[in-house]
Amino acid sequence: MPELPEVETVARGLRRAILGRRIVSVSLGKTDFIDDPVALEQHLPGRQFEAVERYGKFMLLRLSAAANGHGEPASLLVHLGMTGQIAPIPAGQPRGKHTHVSLLLDDGRELRYTDARRFGRMAYLTETPLAEELAGFGADPLEVGSEEFRSRIQGRRARIKALLLDQTVLRGVGNIYADESLWRARIHPARLGAQLSKREAGTLCRVLKEILKKAIVMRGSSISDFLDAEGEPGEYQRHHRAYGREGKACYRCQTSVRRAIVAGRSSYFCPKCQPGPRGFALLPLRGKTRKRKNRRNARRPSARL
DNA sequence: CGTTGAACCTGTTTGC
DNA sequence: TGCAAACAGGTTCAAC
């Protein structure tokens, strides 16, 4: 679920909520998504949150050295996977079925991590292992220049969609923003990286940046279950032009938006605005008559982790 | 190098 | 109505 704009939104929320707070105790549920659960229990109590950073789709919760003066500075690395949520809540609330990490803070609240599918990841890392962990990631799509962007895709025979999703090429882009930027740049997801003209690559780089920045302002996209650190959904889904719009009219030319599997993922695009490889297979339209049920999307969920 | 499919796990939506 | 298949914002790995 969470891509760069969603993770950035969560990170900003956490920054306001937990900076300066000290961890009192740790309570774990299922731990198969945690690198070393015992390390969390051993090293987190007594530490203070000193900074919250985002690196691609990862969040880095920077921790002070241990209270006793021993122990090196370290970080709690958090990846939200597809369904991860992290938010501080008043202590004592009943723990949800999928809440697997709860950090009691010194102000009486609990920082809780909830993740139904447990595709996320959590790890306690000191400086050196952290640096190793983060080495090898690609450019920050918010900062990358068109020159570097081009150098990272030119000469690659992989499909542009696969390259956008590849975290060693760019860090932070996922399925939604890959499709949205390709639609805006009028580039078919199955085109090969090496096939893009200099102009196309430049356009893609520019619109990707614009879309991500706008999405951050709108606090991310909530399709079904993304909630930020305040328990609020984002609003950028209202601006989607391709993602999830199968069968609906293209905003530019009214042609029906189609779906195909590219790089192993559902990919949405306008077959007219984004001409692709000859005979590229579209998937048959699905979800024909979609009745508009009570979109419980409209509801404003309150933080309940 | 690249692609595809499966796996990880649970919940929700769609199709017959 | 019911049940099974398909699908979901991600990542990784084996096989070709």
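Letters go in sequence order (proteins before strands), and every chain restarts at 1. Side chains are part of it too, since the values below use all heavy atoms of this structure and drop only hydrogens, waters and symmetry mates.
Residue contacts for A:Y268: at a heavy-atom cut-off of 4.0 Å it reaches the sugar-phosphate backbone alone, with no base atom in range. Note on A:F33: nothing from the nucleic acid sits closer than 4.0 angstrom, heavy atoms only.
A:V10 is not listed as a side-chain neighbour of A:E6, based on a closest heavy-atom distance of 4.5 Å or more. Within the 4.5 Å cutoff, side-chain heavy atoms of A:L60 are placed close to those of A:L77.
Residue side chain A:R117 reaches the base of C:dA8 through a donor-acceptor N/O pair under 3.5 Å, judged by distance alone.
Relative ring orientation between A:H43 and A:Y124 is described as parallel, the plane-to-plane angle staying below 30° on a 0-90° scale split at 30° and 60°. Using cut-offs of 30° and 60° for the angle between ring planes, the A:Y177 and A:Y236 rings count as tilted.
A:K272 NZ: 12 or fewer foreign heavy atoms inside a 6.0 Å radius.
Secondary-structure annotation of DNA chain B gives the stems B:2-8 with C:10-16, B:10-16 with C:2-8, with a stem taken as at least 3 successive Watson-Crick or G-U pairs whose two distances both fall under 3.5 Å.
The side chain of A:K30 contributes no N or O atom lying less than 4.0 Å from OP1 or OP2 of B:dC8. Contact check, A:K97 against B:dT10: no side-chain N or O comes under 4.0 Å of OP1 or OP2. Using a 4.0 Å cut-off, some side-chain N or O of A:H98 falls inside it from OP1 or OP2 of B:dG11.
Across A:G81 and A:P2, no two heavy atoms sit closer than the pair O-CD, 2.8 Å.
In this entry the distance linking CG of A:L4 with C1' of C:dG10 reads 14 Å, nearest Å.
Nearest nucleotide to the side chain of A:F119, out of B:dG11, B:dT3, B:dC9: B:dC9.
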